[in-house]
Amino acid sequence: MDGKIDLLSMTIEELENMLTQMGHQKFRAKQIFQWTNKGIKDIDGMSNLSKDLREQLKERAYINRFEIIKKFVSNIDGTAKYLFRLGDGNIIESVLMKYSHGYSACISSQVGCKMGCKFCASTGAGFVRNLTSGEMLDQILTIQNDTKERIGNVVIMGIGEPLDNYENVVKFLRLINHKDGVNLGARHISVSTCGLVPEVLRLAEEKIPVTLSISLHAPNDTIREKIMPVNKRYSIDKIIEACKIYTEATNRRITFEYAMINGLNDSKENALELAGRIRGMLCHVNLIPINTVSDTGFKRSSKDKIAIFKEILERYGVETTVRRELGSDINAACGQLRRSLMDEGQLVF
Ligand code: SAH
């Protein structure tokens with residue numbers, strides 16, 4: 001935006017430095033932070049700042065703003081899917097899910113993705129750019145302001161690979177965790193990754209003990225390489241080693257995501273092999289009936305096969321859940337809506 005800086009992407013310390021440079025007092029930083037983190041979009045609405053300071057701020061800064069292009073609400077379970085247009089015209093999506101314990105938002109971390117997982121809807125169109133920390137935060141703020149509901153859980157599981165946008169994601173975690181902002185505890189935040197080992201190890205050191213979800217999807221490297229090119233860089237052994245270091249540093253239980261794909265990774269042998277590798281770890285497995293994406297050729301495993309897989313893992317003491325499907329009538333699974341509109345030629349880049 002004309003060389004201007006987005007206030008939503010700024011920490012209190014960065015705001016303090018900017019205010020000092022502008023010849024204003026530091027304590028104003030907290031006031032500005034509180035306004036932006038409430039979702040206010042107009043600098044003139046910051047009523048406890050002087051007119052002079054507001055004018056100066058407008059000259060050098062703006063507040064990120066999304067256009068809600070579309071909002072789909074499921075008739076089945078109230079899940080809401082948002083399609084946002086970013087300031088530069090790019091499009092991302094976020095999902096709001098309602099659980100008995102409150103609202104949870106699934107947000108995107110990049111426009112597109114570089115990882116190339118074969119079953120994933122987000123990868124087809126390739127990678128465009130990273131989201132800024134303000135753009136990640138604004139997915140939460142815009143949904144909260146739209147629904148007037150407080151979001152109590154955030155999962156970074158939408159479009160993109162969060163650990164491939166490490167700096168901005170960690171900055172976002174600090175922003176959303178801040179007591180003067182949304183004030184969301186690390187325990188209420190999950191980061192989902194395809195397993196970028198060096199970044200998992202870095203995250204372990206950040207002192208923000210978020211839940212780490214690892215998209216494993218296979219019991220061995222041979223199967224994983226068929227569906228996830230990233231496995232050529234980081235093998236399952238290396239990922240498991242990094243997970244152990246993460247739990248040691250944070251005391252948090254790892255979630256292994258496992259998309260059940262018919263005939264590929266869903267046999268009894270696959271379950272046994274997986275159990276053998278992860279039993280005894282502080283972890284649990286979340287089985288995901290895969291969402292069929294056009295042209296990928298992957299089909300979802302039957303309910304029976306999923307139940308047998310779960311039973312075998314549990315027999316070995318590995319806690320296992322099957323992901324409840326939400327918003328199936330509105331294409332709510334990550335990346336699916338953007339992708340289906342692209343397939344229909346409705347999204348042009
Ligand atoms: N890049 C990150 C986060 C985004 S993907 C990651 O890999 O974890 C979020 C989750 O959805 C991942 O577990 C991903 O593997 C899974 N996923 C992607 N496409 C899917 C599909 N068609 N059906 C079910 N799960 C899918």
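Start at 1 and go down the list; that is how both ligands and their atoms are numbered. Given the structure is predicted, the values throughout are model-derived calculations rather than measurements. Heavy-atom basis, side chains included; hydrogens, waters and symmetry copies ignored.
Residues Lys41 and Asp138 are paired through a salt bridge, judged by an N-O separation under 4.0 Å between the basic side chain and the carboxylate. For Arg253 and Glu319, the salt-bridge test passes: some basic side-chain N is under 4.0 Å from an acidic carboxylate O.
Contact annotation: for Thr193 versus ligand 1, heavy atoms closer than 4.0 Å belong to the backbone alone. Counting heavy atoms closer than 4.0 Å to ligand 1, residue Met115 contributes nothing at all.
Closest heavy-atom approach to atom 3 (C) of ligand 1 among the candidates Ser215, Gly160, Ser109: Gly160. Taking only non-hydrogen atoms, the option from His217, Arg300, Met260, Arg323 nearest to atom 16 (C) of ligand 1 is His217.
Heavy atoms from other residues, nucleotides or ligands lying under 6.0 Å from OH of Tyr316 number 12 at most.
Per-residue contacts place Ile290 under 4.0 angstrom from the following atoms of ligand 1 (heavy atoms of the residue considered): 21 (C), 22 (N), 23 (N), 24 (C). Those atoms of ligand 1 with a heavy atom of Cys120 less than 4.0 angstrom away are 18 (C), 19 (N). Per-residue contacts place Asn291 under 4.0 angstrom from the following atoms of ligand 1 (heavy atoms of the residue considered): 21 (C), 22 (N), 23 (N), 24 (C). Listed by atom number, the atoms of ligand 1 under 4.0 Å from Gly158 heavy atoms are 4 (C). Taking every non-hydrogen atom of Phe119 and a distance limit under 4.0 Å, the qualifying atoms of ligand 1 come out as 15 (O), 17 (N), 18 (C), 19 (N), 20 (C), 21 (C), 22 (N). Remark: ligand 1 atoms within the under-4.0 Å shell around heavy atoms of Cys194 are 6 (C), 7 (O), 8 (O).
Atom CD1 in Ile40 sits 11.5 Å away from atom CG in Leu141 (nearest 0.5 Å). One finds the CD1 atom of Ile236 at 8.0 Å from the CG atom of Leu274 (value rounded to the nearest 0.5 Å).
Applying the side chain to side chain contact (heavy atoms under 4.5 Å, CB included) rule to Lys51 yields the partners Arg54, Glu55; only residues at least two apart in sequence or on another chain are considered.
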Practice task
Please test Asp146 against Tyr82 for side chain to side chain donor-acceptor pair (under 3.5 Å), starting from the C-alpha separation and ending with a verdict.
Solution key: CA-CA 10 Å; Asp146 182 57; Tyr82 288 84; 2.5 Å; yes

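Where the criterion is an N or O separation shorter than 3.5 Å, residue side chain and backbone included, Pro289 fails it with respect to ligand 1. The shortest N or O to N or O distance between Glu257 and ligand 1 is not under 3.5 Å.
Neither side chain, Asn270 nor Asn265, offers a donor N or O lying under 3.5 Å from an acceptor on the other.
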